[in-house]
Amino acid sequence: MDRGDMNGRRVADAVADRAMSTSAVVAGTVVAGAVADDTAGHRAAVEASGDAAHQFAFTAALRAFEDYLTLERNRSVHTIRAYLKDARLFLMHAQKAGVTSLGQLELRHFRSWLGVLDDAGLARSTLARRAASVRTLMDWAVREELVPANPALRLRAPKRSSALPAVLSHTQAQTLFEGPVSDAGTDAGLLQRRAILEVLYATGVRVGELVGIDIDDVDTGRRTLVVTGKGDKQRTVPYGEPAGDAIEAWLRHGRPRWSTPRSGPALFLGRRGGRIDQRTVRTQVKEALDALGDTAARGPHALRHTAATHLLDGGADLRAVQELLGHSSLATTQLYTHVSVDRLRRSYEQAHPRA
């Protein structure tokens with residue numbers, strides 16, 4: 001039996017072992033639903049070719065890799081979707097080069113793939129993420145004894161851009177909340193938009209964390225929220241009086257108008273009554289920021305950047321900001337210190353007579 005057959009047998013065994021677990025079936029179904037469109041699209045394209053020699057050779061491996069990410073690494077649905085998409089794109093590239101098993105992969109296959117992506121103009125951050133995805137895939141393959149070593153360990157992706165994130169100035173943030181949302185009255189849509197903007201700026205939560213907040217996660221007395229972040233880690237974050245007023249106005253005058261039996265415990269709702277989705281939030285925040293007209297800040301993450309920067313501008317402890325944002329590494333939070341120093345330098349150069 002050659003190495004390709006042995007690897008195929010091992011992948012099949014890995015899939016069979018996981019299939020025996022009820023929890024694996026359940027969790028796999030949940031994640032499979034999240035990536036169904038991508039997978040179905042790929043399979044349809046392969047089947048449409050009508051050429052058996054070009055059938056995708058790594059379907060079983062990707063399914064076993066999906067189980068690993070779900071059950072053992074406890075990754076979020078969005079992370080799993082991204083990893084599987086990256087891994088599938090790479091393996092399709094490798095298969096075009098004649099690779100039919102994981103054991104045939106070499107460093108040159110990974111390098112050529114990144115080269116194609118770089119030539120296509122993908123951002124450095126995207127290239128770095130895709131390189132990380134395939135390294136994780138091969139780490140898993142080594143662990144499952146499908147390959148003797150990880151050929152992607154020596155893969156060097158372009159360094160992430162050191163460009164500082166766009167943030168709102170204090171004046172722009174004030175203007176944002178003095179716009180139409182400040183006079184929402186009893187308009188349910190404006191009441192919710194105001195509450196969303198206030199919560200994003202007050203707490204710095206990610207948009208995925210925001211849409212997952214339930215009513216019971218809100219402690220209006222202590223003015224705190226419980227949010228579930230990456231890796232299903234929960235943390236408690238405080239918010240201020242303006243955000244508190246906005247949340248209470250939404251709960252009292254807005255949410256009851258949109259609430260339906262399908263609303264469940266969700267804090268923020270779509271117009272049909274279900275839990276609001278990330279796309280809707282992104283659209284609403286983009287519209288609100290675009291209305292300012294004089295900022296490069298775009299989307300919910302810009303408010304997260306802004307919240308962190310303004311906290312540090314005001315003298316907040318770096319460790320406290322790290323905990324608030326849910327960063328696992330202090331190095332990630334330190335990016336915002338550079339933003340604050342950069343803003344300080346610009347102000348100094350504009351105002352000091354001997355700058």
Side-chain angles (χ1 to χ4, degrees), residues 31-32 34-39 41-42 58 61-70 72-96 102 105-143 150-166 204-209 229-233 278-279 282 298-302 304-305 308 322 325-336 338-339:
V31 178
V35 299
D37 291 341
D38 286 341
T39 303
H42 167 68
F58 300 98
L62 284 183
R63 287 176 178 168
F65 181 51
E66 177 184 331
D67 284 344
Y68 165 72
L69 294 172
T70 305
E72 299 185 38
R73 295 293 295 275
N74 194 30
R75 296 298 190 185
S76 71
V77 170
H78 301 293
T79 298
I80 294 171
R81 181 190 291 117
Y83 273 38
L84 291 178
K85 179 180 179 181
D86 294 344
R88 183 169 59 253
L89 289 173
F90 164 68
L91 291 171
M92 290 173 69
H93 170 85
Q95 184 167 313
K96 287 180 181 178
L102 295 177
L105 290 170
E106 300 175 4
L107 180 60
R108 61 186 176 90
H109 295 120
F110 297 91
R111 285 176 171 167
S112 67
W113 180 58
L114 286 186
V116 170
L117 299 179
D118 190 33
D119 290 342
L122 270 65
R124 284 185 289 175
S125 58
T126 301
L127 295 179
R129 190 206 74 200
R130 293 194 172 180
S133 296
V134 295
R135 284 195 204 96
T136 301
L137 170 70
M138 297 311 295
D139 282 340
W140 163 79
V142 171
R143 172 177 171 157
N150 184 349
L153 285 179
R154 292 190 292 137
L155 181 66
R156 289 187 177 181
K159 291 185 178 179
R160 292 177 182 268
S161 172
S162 58
L164 300 176
V205 296
R206 303 175 180 92
V207 63
E209 296 169 344
K230 294 182 177 180
D232 285 335
K233 294 180 181 178
Q278 293 190 36
R279 179 177 298 180
R282 293 182 192 282
R298 293 290 182 270
H301 222 65
R304 178 173 167 85
H305 293 319
Q322 177 191 7
L325 298 180
H327 286 157
S328 58
S329 169
L330 188 62
T332 306
T333 315
Q334 285 176 325
L335 170 65
Y336 300 107
H338 300 312
V339 178

CG of L155 to CE of M138, rounded to nearest 0.5 Å, is 11.5 Å
Spacing of NE2 belonging to H78 relative to CZ belonging to R81, to within rounding of 0.5 Å = 6.0 Å
Please work out which of the three classes, parallel, tilted or perpendicular, describes the rings of Y68 and F65, given edges at 30° and 60°.
-> parallel
State, without any angle test, whether T136 and S133 hold a side-chain donor-acceptor pair at a distance under 3.5 Å.
-> no
Calculate, to the nearest 0.5 Å, the distance between atoms CZ and CG belonging to F58 and L91 respectively.
-> 5.0 Å
Measure the spacing between CZ of R73 and CG of D67 and express it to the nearest 0.5 Å.
-> 14.5 Å
Side-chain heavy atoms of P300 within contact of R282, under 4.5 Å | yes
Identify the heavy atoms of E209 and K230 that sit nearest to each other, and give their distance.
-> OE2-N, 4.4 Å
Taking every heavy atom of V134 against every heavy atom of D86, the minimum-distance pair comes out as CG1-O, 4.4 Å
After noting the C-alpha distance and the side-chain angles of L69 and T79, does the key distance pass the side-chain contact (heavy atoms from CB on, under 4.5 Å) rule?
-> CA-CA 9 Å; L69 294 172; T79 298; over 6 Å; no
Start with the C-alpha distance between R143 and E72, add both sets of side-chain angles, then the distance that settles salt bridge (Lys or Arg N to Asp or Glu O under 4.0 Å), and finish with yes or no.
-> CA-CA 12 Å; R143 172 177 171 157; E72 299 185 38; 2.3 Å; yes
Which pair of heavy atoms, one from L105 and one from P151, lies closest together, and at what distance?
-> O-CG, 3.8 Å
Might you point out which heavy atoms bring A152 and N150 nearest each other, and give the distance in Å?
-> N-OD1, 2.8 Å
Could you give me the CA-CA distance, side-chain angles and deciding distance for R75 and Y83, then say whether side-chain hydrogen bond (donor to acceptor under 3.5 Å, both in side chains) is met?
-> CA-CA 10 Å; R75 296 298 190 185; Y83 273 38; 4.6 Å; no
Do L102 and W140 pass the side-chain contact (heavy atoms from CB on, under 4.5 Å) test, and can you show the C-alpha distance, the side-chain angles, and the key distance before you say yes or no?
-> CA-CA 11 Å; L102 295 177; W140 163 79; 4.1 Å; yes
So how far is it from Q95 CD to M92 CE, rounded to the nearest 0.5 Å?
-> 8.0 Å
Looking at side-chain heavy atoms only, is the closest gap between H109 and E106 below 4.5 Å?
-> yes
Main-chain N/O of V207 paired with Q278 side-chain donor or acceptor, under 3.5 Å = no
When every non-hydrogen atom of L62 is compared with those of L84, the smallest separation belongs to O-CD2, 3.8 Å
Taking all heavy atoms of D139 and all of L153, pick out the closest pair and write down the distance.
-> OD1-CD2, 4.2 Å
Taking 4.0 angstrom as the limit, do R63 and E66 come out as a salt bridge?
-> no
Supply the atom-to-atom distance R130 CZ to T126 OG1, rounded to the nearest 0.5 angstrom.
-> 6.5 Å
Criterion side-chain contact (heavy atoms from CB on, under 4.5 Å) on R304 and L325, from CA distance to verdict | CA-CA 8 Å; R304 178 173 167 85; L325 298 180; 3.6 Å; yes
